2 protein chains.
Amino acid sequence: MSLQTSSYSHLDISNIKSSCATCSLRELCLPVGLNTQEIQKLGDVVSHKRKIPRGGYLHHTGTKFQSLFAIRSGFLKTCVLEQDGRQQVTGFHMTGELLGLDAISSEIHTCDAVALEDSEVCEIPFAKLEEISLSIPSLMHHFHKIMSREIVRDHGVMLLLGSMKAEERLASFLLNLSRRFSIRGYSEYNFNLRMTREEIGSYLGLKLETVSRAFSKLQDESIITVDNKHIQINDIDRLRLKMGNSSCAT
Amino acid sequence: MSLQTSSYSHLDISNIKSSCATCSLRELCLPVGLNTQEIQKLGDVVSHKRKIPRGGYLHHTGTKFQSLFAIRSGFLKTCVLEQDGRQQVTGFHMTGELLGLDAISSEIHTCDAVALEDSEVCEIPFAKLEEISLSIPSLMHHFHKIMSREIVRDHGVMLLLGSMKAEERLASFLLNLSRRFSIRGYSEYNFNLRMTREEIGSYLGLKLETVSRAFSKLQDESIITVDNKHIQINDIDRLRLKMGNSSCAT
DNA sequence: TATGTTAATTGATCTTGATCAATGAACCTT
DNA sequence: AAGGTTCATTGATCAAGATCAATTAACATA
């Protein structure tokens, strides 16, 4: 299974002409119910495509913010570099998601965005997006929802980091990935991780050894099958039970 | 020192007539540079005041979202209730801050907001705010910055929860409070905590005993002086050092 | 294909913070 | 002011996860 392949088959995009406008569909366009003219406006703004090879940077911490990026294909992580040189992963991002929301406030990127596989993004000049939002209320409203959703997502991670133990965190993480793959038309039971154990650990507030042990534990219980980066979920219900008390899966 | 008392003395609000429009000044109005007419528009939207007694709820998880709330005075916490009945604090909020951003996405409140002291808020009907945003670009832009700032803040907490140890977390927390008091015209070295050790612990991902021990440790080192809820910062530089590696203080 | 490099697993030990428990201080309420 | 309740501190013990270390597996590059 290749995750690089775009899969919009279940979405109605037949009325969209510009190939690049499609990149922001999932989050930015489709749910809003724009008319043809509005889609045209948005398409004009979202025009510039950019390819990022595996390991390449979409943006660096400290650089000037000008555009949001809609992921057209691929998989990226965002991370902050701490004084001591260690890095903390703040998120993993896949097709259809929007990057750069954190940079709006200071107009400076507060994190690095790194491609974990060859990726393609659409650049969305933020000033232009705001400009056309003024004439497309539903677009503005939808954008507010996207930002809000990001806040909810972060609260979920805070909850995870603040109150769950290692195994629960990993279960929560896998279920989250599973759901996101599923939404994009991939199997929710079989997928390849794009990130290392260390990156997972960084995201989950654990050391890589602890992540590895948690994987092994879940495998010993036959809940998942782990083959290096390939994960198979054998019993998603029991995996859900692992999360236990925590209300938020995010 | 009473924190209940509003303190806008260092801000120029001389041109604002409506007493309630002032409540959202710090975050929503002032920095934007609105003209008189625009301020009038905003004042019309932000008209309804609400008092919340200590221990009272501003909103409950699961209820319908209609309005943002700008804190006019007081101190609140937001928290989510987990299945097992334990609650996790997701934030502490003071004068001038905006509550409810998380609820925009689903139009359902995702957390409880509880007053930790007698508080007063201004209700900002969100639909109306969006409506007038369409005609006041700078207001819309400023609102986007506020949402973005919330995301940055949350990333900071994620970093804290994911990579700092108990004493570093508490140092970070105290410095954050200190800065926010300072911005509002209060002493950055002397303040009263509005929340219990348990609530601090919940927010920082620690047990109350650990919080208490961390306080004692910092006091033993003469960095702070703790007298129950009253905190005095004796050596803010050493307190900053305590945070160590972590890049973000939030 | 060989070889160096990076990533993953697993074991042994140590540390931090959680848990259990007891005491004392603050704060309502009447 | 008295009594109950909540809150905070401190000590003793325990457990989860970090750290240290060794081995193996996967991957990249010559």
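Chain naming here is simple, since letters A, B, ... match the order of the sequence lines and numbering starts at 1 in each. Quick caveat, the model's predicted, so the values are computed rather than measured.
A salt bridge does not link A:K217 to A:D220: none of the charged side-chain nitrogens sits closer than 4.0 Å to a carboxylate oxygen. Salt bridge present: A:E97 and A:R184 bring a charged side-chain N and a carboxylate O closer than 4.0 Å. Between B:E221 and B:K242, at least one side-chain N (NZ, or NE/NH1/NH2) sits under 4.0 Å from a carboxylate O, which counts as a salt bridge.
Nearest heavy-atom pair, B:A115 versus B:L76, reported as atom, atom and distance to 0.1 Å: CA-CG, 3.8 Å.
If you check every strand for non-hydrogen atoms under 4.0 Å, B:L208 touches a base. Using a 4.0 Å heavy-atom distance criterion, B:G201 is classed as making no nucleic acid contact. Residue contacts shown for B:S212 include a base, since a base heavy atom lies under 4.0 Å away.
Rounded to whole Å, the distance from CG on B:L204 to C1' on C:dT16 is 16 Å. Here C:dG17 presents its P atom at 7 Å from CG of B:L206, a figure rounded to the nearest Å. The separation between A:N192 atom CG and C:dA7 atom P is 17 Å, rounded to whole Å. Regarding A:K207, its NZ atom lies at a distance of 17 Å from the P atom of C:dT9, rounded to whole Å. Rounded to whole angstrom, the span from the NZ atom of A:K217 across to the P atom of C:dT9 amounts to 16 Å. Here C:dT16 presents its P atom at 15 Å from CE of B:M164, a figure rounded to the nearest Å. Between the CD1 atom of A:I224 and the C1' atom of C:dA8 there is a distance of 14 Å, rounded to whole Å.
For A:K51, the NZ atom sits in a loose shell: 12 or fewer heavy atoms of surrounding residues, nucleotides or ligands are nearer than 6.0 Å. Within 6.0 Å of the CZ atom in A:R54, the count of heavy atoms belonging to other residues, nucleotides or ligands does not exceed 12.
In this structure, the side chain to side chain donor-acceptor pair (under 3.5 Å) partners of A:T110, at least two apart in sequence or on a different chain, are A:D102. Scanning for side chain to side chain donor-acceptor pair (under 3.5 Å) contacts around B:T225 gives B:N234, with sequence neighbours left out. Taking B:N228 as the reference, nothing meets the side chain to side chain donor-acceptor pair (under 3.5 Å) condition, with sequence neighbours excluded.
Judged by a 6.0 Å distance limit and a 45° cone about the ring axis, A:R194 is not positioned over the six-membered ring of A:F92.
With the nearest nucleotide of DNA chain D identified for both A:A166 and B:S216, B:S216 has the one nearer the 5' end.
Remark: the B:T95 side chain and the B:S73 side chain contain no N/O donor-acceptor pair separated by less than 3.5 Å. Checked by atom type, the side-chain pair A:E123/A:S67 shows a donor-acceptor distance below 3.5 Å.
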I'd like a list of close polar pairs between nucleotides 24-30 of chain C and the protein, N/O only, cut-off under 3.5 Å.
none

Protein N or O to nucleotides 12-14 of chain C N or O, pairs below 3.5 Å:
{"residue": "C:dA12", "atom": "N6", "partner": "A:R213", "partner atom": "NH2", "Å": "3.3"}

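Where DNA chain D meets chain B (any atom under 4.0 Å from a heavy atom), the bounding nucleotides read 5' to 3' are D:dC7 to D:dA12.
Between B:T210 and C:dT16 there is no side-chain N or O to OP1 or OP2 distance below 4.0 Å.
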